[in-house]
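Encoded as C-alpha coordinates, the structure appears first; notes follow it.
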Amino acid sequence: MFHRLIILLFFSSFLILPAFADAPRNEELNHYLSELGAKAKKEDPSFKGFDPSRGKEVYFKEHLHSQENEKRSCVTCHTKDPSLPSKHASTGKRIKPLSPIVNRERFTDSKKIEKWFKRNCHWTHERPCTTLEKGDFIEYIFSL
Amino acid sequence: MRKFILIALVSVFFASTSLLADSDDSKPGKKKVAIKPVTDKIYLEECGSCHFAYHAELMPESSWKALIEGLKTHFGEDASMEPAPLKQVTEYLLSNAADYSQNSKARAMFKSAKGQVFARISEVPFFLKEHHEIGPDVIARPKIKTWANCEACHPTAANGVYGERYIVIPK
(Lines give C-alpha, C1' and ligand atoms only; values in the text may rest on other atoms or scores of the structure.)
Protein backbone atom coordinates (compact mmCIF):
# COMPACT_ATOMS: atom_id res chain seq x y z
CA MET A 1 0.00 0.00 0.00
CA PHE A 2 2.75 2.40 1.06
CA HIS A 3 4.77 1.56 -2.05
CA ARG A 4 1.84 2.17 -4.29
CA LEU A 5 1.36 5.56 -2.73
CA ILE A 6 5.00 6.45 -3.35
CA ILE A 7 4.72 5.33 -6.96
CA LEU A 8 1.56 7.33 -7.40
CA LEU A 9 3.21 10.42 -5.91
CA PHE A 10 6.26 9.88 -8.06
CA PHE A 11 4.24 9.86 -11.27
CA SER A 12 1.90 12.63 -10.31
CA SER A 13 4.88 14.89 -9.69
CA PHE A 14 5.51 14.74 -13.44
CA LEU A 15 2.10 16.23 -13.98
CA ILE A 16 2.70 19.06 -11.52
CA LEU A 17 6.36 19.91 -12.07
CA PRO A 18 6.14 21.30 -15.59
CA ALA A 19 3.54 23.75 -14.38
CA PHE A 20 6.06 25.15 -11.90
CA ALA A 21 9.11 24.97 -14.12
CA ASP A 22 7.75 27.00 -17.00
CA ALA A 23 5.89 30.25 -16.95
CA PRO A 24 3.28 30.32 -19.69
CA ARG A 25 4.07 32.18 -22.89
CA ASN A 26 1.15 33.74 -24.64
CA GLU A 27 0.71 33.79 -28.41
CA GLU A 28 1.81 37.39 -28.67
CA LEU A 29 5.15 36.58 -26.99
CA ASN A 30 5.70 33.51 -29.19
CA HIS A 31 5.04 35.64 -32.23
CA TYR A 32 7.36 38.39 -30.98
CA LEU A 33 10.14 35.86 -30.27
CA SER A 34 9.80 34.20 -33.67
CA GLU A 35 10.07 37.60 -35.34
CA LEU A 36 13.16 38.37 -33.27
CA GLY A 37 14.55 34.95 -34.25
CA ALA A 38 13.99 35.60 -37.97
CA LYS A 39 15.67 38.98 -37.65
CA ALA A 40 18.62 37.47 -35.77
CA LYS A 41 19.03 34.85 -38.49
CA LYS A 42 19.07 37.58 -41.12
CA GLU A 43 21.69 39.55 -39.22
CA ASP A 44 23.83 36.46 -38.68
CA PRO A 45 23.19 33.33 -40.77
CA SER A 46 24.98 31.15 -38.18
CA PHE A 47 22.32 32.05 -35.55
CA LYS A 48 21.06 28.85 -33.87
CA GLY A 49 18.51 30.15 -31.41
CA PHE A 50 18.37 32.34 -28.32
CA ASP A 51 20.36 31.28 -25.31
CA PRO A 52 19.50 31.89 -21.63
CA SER A 53 23.14 31.79 -20.50
CA ARG A 54 24.04 34.61 -22.89
CA GLY A 55 20.88 36.34 -21.64
CA LYS A 56 22.22 36.15 -18.11
CA GLU A 57 25.28 38.09 -19.27
CA VAL A 58 23.01 40.73 -20.80
CA TYR A 59 21.23 41.06 -17.47
CA PHE A 60 24.40 41.55 -15.43
CA LYS A 61 26.61 43.37 -17.94
CA GLU A 62 27.88 46.70 -16.60
CA HIS A 63 28.48 49.86 -18.56
CA LEU A 64 30.33 52.95 -17.32
CA HIS A 65 28.08 55.85 -18.30
CA SER A 66 29.92 58.54 -20.24
CA GLN A 67 28.30 61.47 -18.47
CA GLU A 68 27.14 60.19 -15.09
CA ASN A 69 30.42 58.39 -14.37
CA GLU A 70 28.61 55.48 -12.72
CA LYS A 71 28.37 51.81 -13.57
CA ARG A 72 24.94 50.81 -14.82
CA SER A 73 23.31 47.47 -15.60
CA CYS A 74 19.82 45.99 -15.67
CA VAL A 75 20.48 45.06 -12.03
CA THR A 76 20.59 48.78 -11.15
CA CYS A 77 16.78 48.87 -11.24
CA HIS A 78 15.68 45.23 -11.38
CA THR A 79 18.02 43.80 -8.65
CA LYS A 80 20.17 40.67 -8.91
CA ASP A 81 17.16 38.41 -8.68
CA PRO A 82 14.46 39.13 -11.30
CA SER A 83 11.87 37.31 -9.21
CA LEU A 84 12.08 39.94 -6.47
CA PRO A 85 10.49 43.39 -6.41
CA SER A 86 12.94 46.26 -6.72
CA LYS A 87 13.30 50.02 -6.70
CA HIS A 88 13.92 52.44 -9.54
CA ALA A 89 17.49 53.72 -9.15
CA SER A 90 16.67 57.41 -9.55
CA THR A 91 13.09 57.78 -8.28
CA GLY A 92 12.81 55.08 -5.60
CA LYS A 93 9.54 53.87 -7.16
CA ARG A 94 8.76 50.20 -6.54
CA ILE A 95 9.16 48.00 -9.61
CA LYS A 96 7.35 44.67 -9.70
CA PRO A 97 9.45 41.54 -10.39
CA LEU A 98 10.40 40.95 -14.03
CA SER A 99 10.02 37.19 -13.70
CA PRO A 100 6.77 35.92 -15.27
CA ILE A 101 6.68 33.09 -12.71
CA VAL A 102 5.82 35.54 -9.97
CA ASN A 103 4.34 38.28 -12.16
CA ARG A 104 2.06 36.95 -14.87
CA GLU A 105 1.65 40.35 -16.52
CA ARG A 106 5.27 40.31 -17.68
CA PHE A 107 6.15 39.65 -21.32
CA THR A 108 2.57 39.49 -22.51
CA ASP A 109 2.52 42.68 -24.59
CA SER A 110 5.10 43.06 -27.35
CA LYS A 111 4.67 46.83 -27.66
CA LYS A 112 5.35 47.21 -23.95
CA ILE A 113 8.42 44.96 -24.17
CA GLU A 114 9.82 46.99 -27.09
CA LYS A 115 9.09 50.28 -25.34
CA TRP A 116 11.07 49.29 -22.26
CA PHE A 117 13.94 47.69 -24.19
CA LYS A 118 14.29 50.99 -26.02
CA ARG A 119 14.28 53.08 -22.84
CA ASN A 120 16.26 50.83 -20.55
CA CYS A 121 18.98 49.78 -23.00
CA HIS A 122 19.53 53.44 -23.78
CA TRP A 123 19.62 54.45 -20.12
CA THR A 124 21.93 51.58 -19.19
CA HIS A 125 24.22 51.14 -22.19
CA GLU A 126 23.75 54.40 -24.15
CA ARG A 127 22.82 52.33 -27.21
CA PRO A 128 19.92 50.17 -28.34
CA CYS A 129 20.06 46.47 -27.41
CA THR A 130 20.71 44.14 -30.33
CA THR A 131 18.18 41.61 -31.60
CA LEU A 132 20.30 38.84 -30.10
CA GLU A 133 20.48 40.56 -26.71
CA LYS A 134 16.70 41.00 -26.57
CA GLY A 135 15.92 37.36 -27.40
CA ASP A 136 18.63 36.02 -25.09
CA PHE A 137 17.43 38.30 -22.27
CA ILE A 138 13.86 36.99 -22.53
CA GLU A 139 15.05 33.37 -22.59
CA TYR A 140 17.11 34.05 -19.47
CA ILE A 141 14.16 35.54 -17.61
CA PHE A 142 11.98 32.58 -18.62
CA SER A 143 14.64 30.05 -17.55
CA LEU A 144 14.52 31.13 -13.91
CA MET B 1 -9.70 102.12 21.27
CA ARG B 2 -12.29 99.56 22.38
CA LYS B 3 -13.58 99.44 18.84
CA PHE B 4 -10.08 98.82 17.54
CA ILE B 5 -9.52 95.87 19.90
CA LEU B 6 -12.86 94.43 18.88
CA ILE B 7 -12.01 94.65 15.18
CA ALA B 8 -8.61 93.14 15.85
CA LEU B 9 -10.12 90.26 17.81
CA VAL B 10 -12.76 89.61 15.18
CA SER B 11 -10.22 89.60 12.37
CA VAL B 12 -7.85 87.32 14.31
CA PHE B 13 -10.79 84.97 14.87
CA PHE B 14 -11.66 84.84 11.18
CA ALA B 15 -8.05 84.54 10.11
CA SER B 16 -7.49 81.61 12.44
CA THR B 17 -10.63 79.73 11.44
CA SER B 18 -9.77 80.04 7.77
CA LEU B 19 -6.22 78.90 8.52
CA LEU B 20 -7.55 75.90 10.41
CA ALA B 21 -9.93 75.05 7.63
CA ASP B 22 -7.05 75.21 5.22
CA SER B 23 -4.87 72.83 7.17
CA ASP B 24 -7.67 70.36 7.73
CA ASP B 25 -9.48 69.41 4.56
CA SER B 26 -11.93 67.12 6.36
CA LYS B 27 -13.34 69.87 8.58
CA PRO B 28 -17.08 70.14 8.06
CA GLY B 29 -18.78 73.41 7.33
CA LYS B 30 -16.74 75.36 4.83
CA LYS B 31 -16.81 73.74 1.41
CA LYS B 32 -13.51 72.07 0.58
CA VAL B 33 -12.52 70.68 -2.76
CA ALA B 34 -10.15 67.72 -2.59
CA ILE B 35 -7.41 66.90 -5.08
CA LYS B 36 -8.94 64.38 -7.48
CA PRO B 37 -7.30 60.92 -7.49
CA VAL B 38 -5.98 60.01 -10.93
CA THR B 39 -8.25 57.50 -12.69
CA ASP B 40 -6.97 57.82 -16.25
CA LYS B 41 -5.53 54.33 -16.98
CA ILE B 42 -3.29 55.52 -19.81
CA TYR B 43 -1.83 58.29 -17.66
CA LEU B 44 -1.24 55.88 -14.76
CA GLU B 45 0.55 53.45 -17.06
CA GLU B 46 2.58 55.97 -19.07
CA CYS B 47 3.49 58.46 -16.37
CA GLY B 48 3.26 56.22 -13.33
CA SER B 49 5.73 53.42 -14.04
CA CYS B 50 9.00 55.26 -13.37
CA HIS B 51 7.62 57.31 -10.49
CA PHE B 52 4.44 58.34 -8.73
CA ALA B 53 1.75 59.48 -11.19
CA TYR B 54 1.69 63.15 -10.21
CA HIS B 55 -1.60 65.02 -10.00
CA ALA B 56 -2.02 67.40 -12.91
CA GLU B 57 -3.56 69.82 -10.41
CA LEU B 58 -0.21 70.45 -8.75
CA MET B 59 1.47 72.29 -11.62
CA PRO B 60 0.30 75.01 -14.02
CA GLU B 61 -0.66 74.18 -17.59
CA SER B 62 2.32 76.05 -19.07
CA SER B 63 4.74 73.86 -17.10
CA TRP B 64 3.00 70.65 -18.21
CA LYS B 65 3.17 71.85 -21.82
CA ALA B 66 6.92 72.33 -21.53
CA LEU B 67 7.32 68.93 -19.86
CA ILE B 68 5.40 67.18 -22.65
CA GLU B 69 7.52 68.84 -25.30
CA GLY B 70 10.66 67.59 -23.58
CA LEU B 71 9.70 63.96 -22.99
CA LYS B 72 12.48 62.66 -25.25
CA THR B 73 15.05 63.98 -22.76
CA HIS B 74 13.15 63.76 -19.49
CA PHE B 75 15.52 63.94 -16.49
CA GLY B 76 18.01 61.62 -18.17
CA GLU B 77 15.30 59.24 -19.41
CA ASP B 78 13.64 58.78 -22.76
CA ALA B 79 9.97 59.10 -21.78
CA SER B 80 8.66 59.66 -25.28
CA MET B 81 5.58 57.67 -26.28
CA GLU B 82 3.34 56.61 -29.15
CA PRO B 83 1.00 59.28 -30.60
CA ALA B 84 -2.22 57.77 -29.19
CA PRO B 85 -1.18 57.58 -25.50
CA LEU B 86 0.63 60.91 -25.87
CA LYS B 87 -2.61 62.58 -26.95
CA GLN B 88 -4.51 61.11 -24.02
CA VAL B 89 -1.83 62.02 -21.49
CA THR B 90 -1.60 65.57 -22.85
CA GLU B 91 -5.36 65.95 -22.59
CA TYR B 92 -5.39 64.74 -18.99
CA LEU B 93 -2.54 67.02 -17.91
CA LEU B 94 -3.67 70.19 -19.64
CA SER B 95 -7.35 70.01 -18.78
CA ASN B 96 -6.69 69.18 -15.11
CA ALA B 97 -3.80 71.59 -14.54
CA ALA B 98 -3.59 73.85 -11.47
CA ASP B 99 -5.07 76.69 -13.52
CA TYR B 100 -8.49 75.02 -13.38
CA SER B 101 -8.43 73.44 -9.91
CA GLN B 102 -10.66 74.53 -7.02
CA ASN B 103 -8.40 72.87 -4.43
CA SER B 104 -6.75 75.41 -2.14
CA LYS B 105 -3.24 73.91 -2.36
CA ALA B 106 -3.45 73.65 -6.14
CA ARG B 107 -4.65 77.26 -6.29
CA ALA B 108 -1.69 78.29 -4.17
CA MET B 109 0.69 76.37 -6.45
CA PHE B 110 -0.77 78.18 -9.43
CA LYS B 111 -0.60 81.63 -7.87
CA SER B 112 2.93 81.19 -6.58
CA ALA B 113 4.20 80.18 -10.04
CA LYS B 114 3.37 83.70 -11.29
CA GLY B 115 3.25 82.55 -14.91
CA GLN B 116 6.77 81.14 -14.77
CA VAL B 117 7.44 77.69 -16.30
CA PHE B 118 8.82 75.01 -13.94
CA ALA B 119 10.46 71.69 -14.76
CA ARG B 120 9.39 70.16 -11.45
CA ILE B 121 6.46 70.35 -9.08
CA SER B 122 9.11 70.36 -6.38
CA GLU B 123 10.51 73.67 -7.67
CA VAL B 124 7.28 75.67 -7.59
CA PRO B 125 7.54 78.38 -4.88
CA PHE B 126 4.50 77.22 -2.89
CA PHE B 127 5.92 73.68 -2.85
CA LEU B 128 9.20 75.03 -1.47
CA LYS B 129 7.32 76.98 1.18
CA GLU B 130 5.27 73.96 2.31
CA HIS B 131 8.41 71.82 2.51
CA HIS B 132 10.91 74.36 3.84
CA GLU B 133 11.46 72.42 7.07
CA ILE B 134 12.90 69.42 5.28
CA GLY B 135 16.61 69.57 4.55
CA PRO B 136 18.71 67.84 1.89
CA ASP B 137 19.97 65.32 4.47
CA VAL B 138 16.40 64.01 4.85
CA ILE B 139 15.88 63.80 1.09
CA ALA B 140 19.14 61.88 0.73
CA ARG B 141 17.85 59.01 2.91
CA PRO B 142 17.80 55.75 0.90
CA LYS B 143 14.05 55.39 1.39
CA ILE B 144 13.39 58.86 -0.04
CA LYS B 145 16.17 59.66 -2.56
CA THR B 146 14.49 62.62 -4.26
CA TRP B 147 11.69 65.17 -3.87
CA ALA B 148 10.06 63.43 -6.82
CA ASN B 149 9.32 60.47 -4.50
CA CYS B 150 6.14 62.02 -3.03
CA GLU B 151 4.78 58.69 -1.83
CA ALA B 152 7.79 58.10 0.42
CA CYS B 153 6.43 60.76 2.82
CA HIS B 154 2.81 60.98 1.64
CA PRO B 155 1.70 57.32 1.59
CA THR B 156 -1.84 58.47 0.81
CA ALA B 157 -0.77 60.67 -2.13
CA ALA B 158 -2.39 58.42 -4.74
CA ASN B 159 -5.75 59.35 -3.23
CA GLY B 160 -4.95 63.03 -3.52
CA VAL B 161 -4.44 63.22 0.26
CA TYR B 162 -1.34 65.20 1.29
CA GLY B 163 -2.52 66.57 4.66
CA GLU B 164 -0.11 66.85 7.57
CA ARG B 165 -1.70 64.14 9.68
CA TYR B 166 -1.10 61.50 7.01
CA ILE B 167 2.58 62.28 6.56
CA VAL B 168 5.21 59.71 7.56
CA ILE B 169 8.81 60.70 6.99
CA PRO B 170 10.96 57.55 6.60
CA LYS B 171 14.05 57.26 8.79
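Letters go in sequence order (proteins before strands), and every chain restarts at 1. The structure displayed is predicted, hence computed values, not measured ones. Side chains included, hydrogens not; waters and symmetry mates left out as well; all remaining heavy atoms used.
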Cluster overlap [X] with [Y], hydrophobic side-chain contacts below 4.5 Å:
{"X": "B:M59", "Y": "B:M109", "value": "yes"}
{"X": "B:F110", "Y": "B:I35", "value": "no"}
{"X": "B:L58", "Y": "B:L128", "value": "no"}
{"X": "B:F126", "Y": "B:Y54", "value": "yes"}
{"X": "B:I139", "Y": "B:I167", "value": "yes"}

Residue among B:G76, B:A148, B:C50 with most heavy-atom pairs under 4.5 Å to chain A: B:C50

Polar side-chain atom of B:K145 near backbone of A:K93 as donor-acceptor pair, under 3.5 Å: no

Residue A:K41 excluded, over 12 heavy atoms near NZ under 6.0 Å: yes

Qualifying ring pair (Phe, Tyr, Trp, His ring centres under 6.0 Å) pairs, either residue in residues 137-162 of chain B, two or more places apart: B:H55-B:Y162, B:F127-B:W147, B:H131-B:W147, B:H154-B:Y162

Any pair counted as ring pair (Phe, Tyr, Trp, His ring centres under 6.0 Å), so long as it reaches residues 61-108 of chain B, sequence neighbours left out: B:Y43-B:Y92

Nearest-0.5 Å distance, NZ of residue A:K115 to CD of residue B:E46: 3.5 Å

Atom pair CD1 (A:I95) and OG (B:S49), whose distance is rounded to the nearest 0.5 Å: 8.5 Å

Heavy-atom side-chain proximity of A:R94 to B:E151 below 4.5 angstrom: no

Contact residues of residues 117-125 of chain A (partner chain B; heavy-atom separation under 4.5 angstrom): A:K118, A:R119, A:W123

Interface residues of residues 64-78 of chain A facing chain B - heavy atom cut-off under 4.5 Å: none

